[in-house]
Amino acid sequence: MQTRAIVSTLLAAAGVAVAQPSQLPPPIPTPNVPGGNDAYGFPFLAPGAFPDHVYAGVVKFDHIPGYDLDGTNSNYLRMPYDPSQGMLPIGAAYTGSTNEGDFDPNLSPNAGLLDCSLPDDRCAYAFPNTNWDIVFGVGGQASFPTSATGEPSYAWAATAGAGVLLIEVAQNGRDNDARFSGQDAGTLYATAHSTPNDFRGGAGYNMLTGELASGNGTMYASFNAVGGATEYIIDVAPVWFPFIDGWTAGTTFGGTLAWNDNTVAPDPVTMADVSWPSRSANLPEDASQVIQLAGDLTASGSVDLSGLSEGAATPANSMLFIEHCGDSNDDKILNIKENGDVWSFVVRFDSDLDPSGLSGIAAETDTDIAFVAIPYASQNLVGGKINADGSVANGVGGFTMSQDGANPGRYYMTIDGSTTQEGTVLLQPIGAALGDADLPGRAFMSYEYDEANGRFVIEAHEAISDAGANVFNESYPLISTPFYVAYTSFANPIAPPSDDTCVADITGEGDVNTNDFFAFLALYQAQDARADITGEGDINTNDFFAYLAAYQDALNNGC
């Protein structure tokens, strides 16, 4: 955990909400467990451990076969309980709203949650049909005749003022046996994201106030079919990055370049109610200082984290994972491209079918963005920058990556020493548009775990116009693209670079010897980002002499 920073002073008297609290990141609240009984007559439960570090998991949804997209039976979902899927974000509480394309993510390391496989707990009381573990519909209504309105989810609600929630699609397309206009919709592909507005209906413990409630900055998740369809049912993988853990991360919302400040909670210094911004402590109060628009009235521009006094990030030392997080069923695809010390970005409508990438760019009011910079030096990181042909341009940790020779755009990632799904991956395409090499491309990505071969199958697709291909006259071919990938295990998740990292210990063996010296020379010769000892963003003689000094100091004094 990095040192908290004092970034501003309260500008109003006690009890008056202001734009910024006196202290960032926010403190961990004490859960306020309601008295009395819940909707089923059971006492309320506490939420379990606070998610003060990265949590990741896979949420698998089942559905009623033969439903109509955005119509009959589309809003009945089943979420099987499976602890092997890591963090279990339960959608919908007793006042919840989980349905086709939406769920309310609550975070807990499976503590304080209900094991619905048992016949004698409150899940069995609420859902006597044991063929369905957890079932929700519109407003949280169960799909079987019952007075229950969904399982009370006693866990922490993902809250915008406390961190960033990125959501990956964990299936490479899915055929839900769904219909559209009376025709078979076939296999559709999806995007997913979190949205930090106050539309969420499912209760969870707010990460800033400790209250069991909805709204007040708590987030819901949305997943949408790419192209002509809207909401969809597909497996997703949420990854939570709390500000208190030290990540450079933030969320803008509301169509302007401003941090979301929906969450009102007491300031720990003055106890006045203040609005907590959705950004890490090292980011400026003005979001436009790090996210600049191109000036052409479109949602395009650059993300510049190079000038931060703490946690500065550039393409040389970090990967940027970024999603559009607006509240719309006409979802957006956000792509980036490395551009010197910054990342260029473009937000496109997911319904855009122009393969050149020159059209379908959203308006500048669509700058709802959630991002996390993951340094290559992050603890427990496995992944890196991957070339379009599947070769590794800059890799960290033990893994192999290859592209399917017969299906360019399909990649295979194997984690060293792992033959089961013990974690999840984040993906970010970083390729160029077909019609303009300076413009980010239009690929969207997903993954799924291949149990038979013990590997992640990663795919990049694009949506194109294709008369007769499906009911929407679209197809979604694979497309090769360079991309970032970050694997994080459920049990040993990624963490920011340690403040006490021994710079000279290049091999990570715990001591410093000639192995480290020659390892640094190899990185230096290859212009690898890990040789950027000074953090200047490039690799030159300053880094060489800085490493020599660190190496000599470690030999004399130890790490």
For Q403 and P408, indicate whether the former's side chain and the latter's backbone hold a donor-acceptor pair under 3.5 Å. no
Is there a donor-acceptor contact under 3.5 Å from the side chain of R200 to the main chain of M219? yes
When the aromatic ring centroids of F444 and Y476 are compared, is their separation below 6.0 Å? no
Under the rule for side-chain hydrogen bond (donor to acceptor under 3.5 Å, both in side chains), what residues qualify as partners of K385, not counting sequence neighbours? E338
Check F321, F241, F371, W240 against W247 for a ring pair (Phe, Tyr, Trp, His ring centres under 6.0 Å) and give me the one that passes. F241
Give the intermediate values and the outcome of side chain to side chain contact (heavy atoms under 4.5 Å, CB included) for residues I430 and W343. CA-CA 9 Å; I430 57 173; W343 290 271; 5.7 Å; no
Under a 3.5 Å cutoff, is there a donor and acceptor pairing between the side chains of S359 and D354? yes
Please confirm whether the backbone N or O of I333 pairs with a side-chain atom of T191, one donor and one acceptor, at under 3.5 Å? no
Distance in Å, N176 CG paired with L188 CG, rounded so as to fall on 0.5 Å steps: 8.0 Å
For A221, give me all partners under side-chain contact (heavy atoms from CB on, under 4.5 Å), at least two apart in sequence or on another chain. F103, P105, I167
Residues in side-chain hydrogen bond (donor to acceptor under 3.5 Å, both in side chains) with T481, at least two apart? none
Only residue of Y447, F399, F456 satisfying ring pair (Phe, Tyr, Trp, His ring centres under 6.0 Å) with Y487 is F456
Going from CG on D261 to CH2 on W276, what distance comes out if it is rounded to the nearest 0.5 angstrom? 12.5 Å
Is the closest side-chain heavy-atom distance between L208 and N216 below 4.5 Å? no
Is there a donor-acceptor contact under 3.5 Å from the side chain of S194 to the main chain of L165? yes
Is the backbone of I494 close enough, under 3.5 Å, to the side chain of T488 for a donor and an acceptor to pair up by distance? yes
Verify the distance criterion only: is there a donor paired with an acceptor across the side chains of N260 and T251 at less than 3.5 Å? no
Any side-chain heavy atom of V382 sitting closer than 4.5 Å to one from I415? yes
Indicate yes or no: at least one non-hydrogen side-chain atom of V226 is less than 4.5 angstrom from one of D331. no
Side chain to side chain contact (heavy atoms under 4.5 Å, CB included), that's the test. Do L293 and F345 meet it? Break it down for me. CA-CA 9 Å; L293 293 179; F345 73 88; 4.1 Å; yes
Using only atom types and a distance under 3.5 Å, with no angle test, would you say the side chain of R442 pairs donor to acceptor with the backbone of D352? yes
With heavy-atom distances below 4.5 Å as the criterion, would you say the side chains of H461 and L478 are in contact? yes
Give, for atom CD1 of I233 and atom OG of S74, the distance between the pair rounded to the nearest 0.5 Å. 6.5 Å
Rounded to the nearest 0.5 angstrom, the CG-CD1 distance for D366 and I369 is 10.0 Å
Going by an N to O cut-off under 4.0 Å, is there a salt bridge joining D235 and R174? yes
Mind checking the CG-CD1 spacing from N317 to I374? Nearest 0.5 Å is all I need. 12.5 Å
To the nearest 0.5 Å, atom CG of D368 lies from atom NE2 of H324 at 4.5 Å
Contact check, side chains of L24 and R279, non-hydrogen atoms, under 4.5 Å: yes
Do N224 and E231 have side chains that approach each other closer than 4.5 Å (heavy atoms only, starting at C-beta)? yes
Side chains of L305 and L320: closer than 4.5 Å at any heavy-atom pair? yes
Donor-acceptor contact present, side-chain Q428 to main-chain I322, <3.5 Å: yes
For the side chain of T424 and the backbone of A56, is there at least one donor-acceptor N/O pair under 3.5 Å apart? no
Please evaluate residues V290 and V303 with respect to the criterion side chain to side chain contact (heavy atoms under 4.5 Å, CB included), reporting the C-alpha separation (whole Å), side-chain torsions for both, the decisive distance (0.1 Å), and the verdict. CA-CA 6 Å; V290 292; V303 178; 5.5 Å; no
